[in-house]
Amino acid sequence: MNIQQTVHQAIEKLYQQEITISQVQLQKTKKEFKGHLTLVVFPLLKMSKKNPEQTAREVGEYLLANHSVFADFNVIKGFLNLVIAPAYWVDVLNEIHSTVSYGLTPVQPDAPLVMIEYSSPNTNKPLHLGHIRNNLLGYSLAEIMEANGYRVVKTNIVNDRGIHICKSMLAWQKWGNGATPQSTGKKGDHLIGDYYVLFDQKYKEELKNLEAKGLKKEEAEAQSSLMAEAREMLRKWEAGDQETVSLWKTMNSWVYAGFDETYKRLGVNFDKIYYESETYLVGKEQVLEGLKKGIFYQKEDGSVWADLTADGLDNKLLLRADGTSVYMTQDIGTAKLRFNDYPINKMVYVVGNEQNYHFQVLSLLLDKLGFEFGKGLVHFSYGMVELPEGKMKSREGTVVDADDLIEEMVETAKETSKELGKLDGCSDEEAKQISETVGLGALKYFILKVDPRKNMTFNPQESIDFNGNTGPFIQYTHARIQSVLRKAAEQGLSVPDEIRNGLIITEKEEDLIQILATFNEVVKEAAEMYSPAIIANYIYDLVKEYNQFYHDYSILREENENLKIFRLMLSQNVGRVIKTGFSLLGIEVPDRM
RNA sequence: GGUCCGGUAGCUCAGCUGGAUAGAGCAACAGCCUUCUAAGCUGUGGGUCUUGAGUUCGAAUCUCAACCGGAUCACCA
């Protein structure tokens with residue numbers, strides 16, 4: 001029985017009344033007061049019919065008399081501060097220590113199946129900072145869901161069709177001179193991105209020339225031969241023209257190779273990838289079926305619409321007059337294919353908050369079409385990443401490229417490590433490995449520690465700082481713990497399976513155990529709130545607490561053998577929680593740095 | 001204009017299922033490396049939690065309104 005339950009039952013006995021969970025408000029005692037847990041007694045006043053202080057004293061005395069867990073108490077206003085017996089903390093540490101899975105629930109074969117869609121890139125541009133946030137959040141969420149026992153399928157929907165791809169293809173055809181990733185030494189996604197930009201440049205030039213001839217902007221756009229060619233290419237693609245399709249395939253394969261490299265370096269992966277080129281036609285079928293069933297309606301021009309006014313939304317277009325699909329249609333098709341492939345219980349879309357409306361609509365449409373997961377679909381909506389100067393604008397060249405950023409982080413990690421002498425005595429291979437781990441750790445932690453829903457500011461200079469609330473600070477603490485454990489082993493000391501009681505331990509040590517003991521709840525909360533940030537901030541608190549402990553107390557030089565082993569065990573478990581917690585964030589943790 | 005989201009130290013962020021004197025990091029200043037890794041630790045300064053009302057024994061937290069910022073309301077994806 002845990003303390004919460006103990007207190008709950010004790011109060012019921014004391015007042016001979018049933019009480020609700022919300023009436024037992026137990027919280028961590030604030031640092032400035034003596035005690036571990038604090039009971040707020042205001043909700044109990046009606047039962048005790050006494051003033052707050054008297055009530056608190058009464059409950060305190062009762063608990064102290066009847067339960068050995070409590071060693072002492074004090075009352076300040078309506079707050080009952082309970083001091084918990086040292087033996088209890090040692091028991092808790094023993095329990096934590098013996099838990100193999102660390103409070104992570106093993107995946108059950110019959111658990112609900114959660115599909116998580118994330119990343120979802122376009123094939124005409126390399127990944128940028130916004131994608132990094134998406135990828136990290138998506139991957140981390142998948143890890144967290146799995147840690148809570150769900151079956152998880154990670155999926156990616158690649159937007160591989162449409163006019164934007166044709167622009168790149170056209171530019172490459174016209175001005176590429178047969179350039180390939182091999183011939184240029186460029187990553188495929190960057191190569192294609194360059195031609196996308198080139199198209200835009202040439203298109204603008206053309207518009208300018210046309211406007212110089214006295215045409216209005218709209219007229220110029222309508223007369224643009226480049227745009228006409230791109231559209232013609234899209235028509236050919238949709239008609240299955242061999243040459244076009246073959247070029248499309250080749251160029252896409254370059255892009256995918258480039259993406260894979262970035263994904264791999266970021267440490268994210270997928271169980272199943274869908275391509276819009278394969279799903280958009282399915283969506284059309286679904287919509288037509290819905291039309292037949294009377295769920296949707298058709299306008300005179302032949303376009304198909306959904307009437308969502310009853311749900312407080314507008315009418316939404318699903319198929320154009322010419323029968324081609326729109327974005328929404330494709331998402332319906334993708335949902336259909338996915339459901340055919342997996343018995344999905346819950347669908348989570350990791351997509352930016354600029355699409356909140358889209359997913360509101362999608363949820364309603366899928367529900368109307370009979371998808372069970374439709375109504376309960378989760379749009380894991382995250383905020384944008386802004387730069388200190390404002391939003392990223394591709395036109396102004398202020399987009400932060402994912403590969404460049406990663407490289408810069410790793411490079412800085414390397415330099416800083418070198419300056420601090422951390423890499424002395426390392427082989428080149430080890431040095432490279434550590435820089436990679438630390439650089440990526442800094443980047444990932446910087447992004448994951450903030451509440452996903454909020455827009456965040458990404459300051460390149462600050463993100464590269466490795467002091468304070470950063471990934472490397474936490475990684476460093478882990479490395480130091482490992483070092484202590486190694487040295488202990490050299491001394492012939494090892495951590496036993498269980499530690500004997502009767503130790504006198506200090507407040508700081510109790511605090512640490514108390515934090516360690518809440519790891520389970522934190523992991524659960526992170527899943528419920530869809531927020532890796534909760535785990536990140538928890539680990540930071542733990543590490544900060546541990547660092548103070550580490551400086552105030554010696555471990556290996558402790559003379560009392562029992563205490564030495566206790567502190568080793570405590571350290572080891574702090575290390576285990578850091579490692580487990582960070583793995584839920586997709587961050588690696590080094591054994592030395 | 002309608003809808004949704006946000007506003008906490010100079011900056012970046014925690015805290016938000018109501019609880020005690022609102023916390024970290026960065027930046028500034030002052031200390032600590034013959035001691036298990038100084039990517040660390042300790043201390044000082046820094047706040048009208050945007051504003052106003054309401055609910056309550058108690059509000060950064062809940063309700064309403066206003067102000068500010070962002071997103072969205074496409075036959076773009």
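Throughout, a chain's letter reflects where its sequence line sits, starting with A, and its residues are numbered from 1.
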Exercise for review: Mind telling me whether A/His128 and A/His131 have parallel, tilted or perpendicular rings, with 30° and 60° as the class edges?
Suggested key: tilted

Study note, to complete from the structure: From CD of A/Gln25 across to C1' of B/A20 the rounded distance in Å is 13 Å

Exercise for review: Classify the nucleic acid contact of A/Asp314 as base, sugar-phosphate or nothing, counting any heavy atom under 4.0 Å across all strands shown.
Suggested key: sugar-phosphate

Study note, to complete from the structure: 5'-most contact on RNA chain B (nearest-nucleotide basis), A/Asn356 vs A/Asp465, goes to A/Asn356

**Study point:** Centroid under 5.5 Å and tilt under 30°, A/Phe42 to B/G58
**Key:** no

Check your understanding: For the pair made of CG in A/Asn315 and P in B/C73, what is the distance, rounded to whole Å?
Key -> 15 Å

Review point. What does A/Asp424 touch in the nucleic acid at a heavy-atom separation under 4.0 angstrom: a base, only the sugar-phosphate, or nothing?
Key: nothing

Check your understanding: Considering only heavy atoms, which members of residues 445-457 of chain A lie under 4.0 Å from some atom of RNA chain B?
Key -> A/Val450, A/Asp451, A/Lys454, A/Asn455, A/Met456, A/Thr457

Exercise for review: Taking salt bridge (Lys or Arg N to Asp or Glu O under 4.0 Å) as the test, write out the residues that go with A/Glu278, two or more places apart.
Suggested key: none

Point to revise | Whole-Å C1' distance, B/C49 and B/G18 | key: 15 Å

Exercise for review: Assign the ring pair A/Phe42 / A/Phe79 to parallel, tilted or perpendicular, where the plane angle (0 to 90°) is split at 30° and 60°.
Suggested key: perpendicular

Point to revise | Cation-pi, A/Tyr550 ring and A/Arg480 (6.0 angstrom, 45 degrees) | key: yes

Point to revise | Canonical and wobble pairing (Watson-Crick, G-U, under 3.5 Å) of RNA chain B, dot-bracket with | | key: ((((((((.[[[[.)...(...]]]].(((((.......))))).....[[[[[..)....]]]]])))))))....

Check your understanding: How about A/Phe446 and A/Phe458: are their ring centroids closer than 6.0 Å?
Key -> yes

**Study point:** Separation between the P atoms of B/G52 and B/C13, rounded to whole Å
**Key:** 26 Å

**Study point:** Non-neighbouring partners of A/Asn537 that pass side-chain contact (heavy atoms from CB on, under 4.5 Å), sequence neighbours left out
**Key:** A/Asn469, A/Ala533

Exercise for review: Write down the distance between NZ (A/Lys28) and P (B/A20), rounded to a whole number of angstrom.
Suggested key: 15 Å

Exercise for review: Could you tell me the separation between the CE atom of A/Met384 and the P atom of B/G69, rounded to a whole number of Å?
Suggested key: 17 Å

**Study point:** First encountered from the 5' end of RNA chain B, between A/Asp541 and A/Gln330
**Key:** A/Asp541

Point to revise | Residues forming a side-chain contact (heavy atoms from CB on, under 4.5 Å) with A/Lys508, sequence neighbours excluded | key: A/Thr506, A/Glu545, A/Gln548, A/Phe549, A/Asp552, A/Tyr553

Check your understanding: Parallel, tilted or perpendicular for A/Tyr275 and A/Tyr256, by the 30°/60° rule?
Key -> tilted

Point to revise | Spacing between A/Phe359 atom CZ and B/A77 atom C1', to the nearest angstrom | key: 11 Å

Check your understanding: Which value, in whole Å, describes the distance between the P atoms of nucleotides B/G43 and B/G25?
Key -> 10 Å

Practice item. Using a 4.0 Å heavy-atom cut-off across all strands, classify A/Gln360 as base, sugar-phosphate, or nothing. Key: nothing

Review point. Is a side-chain donor-acceptor pair under 3.5 Å present for A/Asn547 with A/Thr477?
Key: yes

Check your understanding: If you look at every strand shown and take non-hydrogen atoms under 4.0 Å, does A/Gln355 touch a base, only sugar-phosphate, or nothing?
Key -> base

Exercise for review: Can you tell me, in whole Å, how much space there is between the P of B/C41 and that of B/U3?
Suggested key: 48 Å

Polar atoms only, N or O, under 3.5 Å: list the protein pairs with nucleotides 32-43 of chain B and their distances.
| from | atom 1 | to | atom 2 | distance (Å) |
| --- | --- | --- | --- | --- |
| B/U35 | O2' | A/Arg557 | NE | 3.1 |
| B/U35 | O2' | A/Arg557 | NH1 | 2.4 |
| B/U35 | O2' | A/Arg557 | NH2 | 3.0 |
| B/C36 | O4' | A/Arg557 | NH1 | 3.3 |
| B/C36 | O3' | A/Lys487 | NZ | 3.3 |
| B/C36 | O2 | A/Ile555 | N | 3.3 |
| B/C36 | O2 | A/Leu556 | N | 2.8 |
| B/C36 | N3 | A/Ile555 | N | 3.1 |
| B/C36 | N4 | A/Tyr550 | O | 2.3 |
| B/C36 | N4 | A/Tyr553 | O | 2.6 |
| B/U37 | OP1 | A/Ser483 | OG | 2.9 |
| B/U37 | OP2 | A/Lys487 | NZ | 2.6 |
| B/U37 | O2' | A/Tyr476 | OH | 2.2 |
| B/U37 | O2 | A/Lys422 | NZ | 2.8 |
| B/U37 | N3 | A/Met593 | O | 2.7 |
| B/U37 | O4 | A/Met593 | N | 3.2 |
| B/U37 | O4 | A/Met593 | O | 3.3 |
| B/A39 | OP1 | A/Lys422 | NZ | 2.5 |
| B/A39 | O3' | A/Asn467 | OD1 | 3.1 |
| B/A39 | N6 | A/Ser417 | OG | 3.1 |
| B/G40 | OP1 | A/Gly468 | N | 3.0 |
| B/G40 | OP2 | A/Asn467 | OD1 | 2.9 |
| B/G40 | O2' | A/His551 | NE2 | 2.5 |
| B/U42 | OP1 | A/Gln548 | NE2 | 3.2 |

Point to revise | Student check: side-chain heavy atoms of A/Leu39 and A/Leu44 closer than 4.5 Å | key: yes

Exercise for review: Could you tell me the separation between the CD atom of A/Glu354 and the P atom of B/A74, rounded to a whole number of Å?
Suggested key: 16 Å

Exercise for review: Inspect the surroundings of NZ in A/Lys449 and state if more than 12 heavy atoms from other residues, nucleotides or ligands are less than 6.0 Å away.
Suggested key: yes

Check your understanding: What distance, rounded to whole Å, do you find between the two C1' atoms, one in B/C16 and one in B/U8?
Key -> 11 Å

Exercise for review: Indicate yes or no: at least one non-hydrogen side-chain atom of A/Ile515 is less than 4.5 angstrom from one of A/Tyr546.
Suggested key: no

Check your understanding: Can you check the A/His131 NE2 to B/A77 P distance for me, whole Å?
Key -> 16 Å

Practice item. Determine the contact category for A/Thr38: base if any of its heavy atoms lies under 4.0 Å from a base atom, sugar-phosphate if only primed atoms, P, OP1 or OP2 are that close, otherwise nothing. Key: base

Check your understanding: Would you say the side chains of A/Ser381 and A/Asn356 form a donor-acceptor pair under 3.5 Å?
Key -> yes

**Study point:** Interatomic distance at P, B/U50 relative to B/U34, whole Å
**Key:** 47 Å

Review point. Which label fits B/C16, syn or anti, where anti is any glycosidic angle not within 90° of 0?
Key: anti

Check your understanding: When rounded to the nearest Å, what value does the distance between C1' atoms of B/G46 and B/G2 take?
Key -> 42 Å

Review point. Looking only at side chains, do A/Tyr327 and A/Gln355 share a donor and an acceptor under 3.5 Å apart?
Key: yes

Exercise for review: Whole angstrom is fine here: how far is it from CE in A/Met227 over to P in B/C76?
Suggested key: 12 Å

Review point. Hey, does A/Val40 reach any base, or is it just sugar-phosphate, or nothing, if we go heavy atoms under 4.0 Å?
Key: base

Study note, to complete from the structure: Checking B/A20, B/C75, B/A14 against the side chain of A/Lys30 (C-beta onward), the nearest is B/A20

Practice item. Rounded to whole angstrom, note down the C1' distance from B/G58 over to B/A22. Key: 15 Å

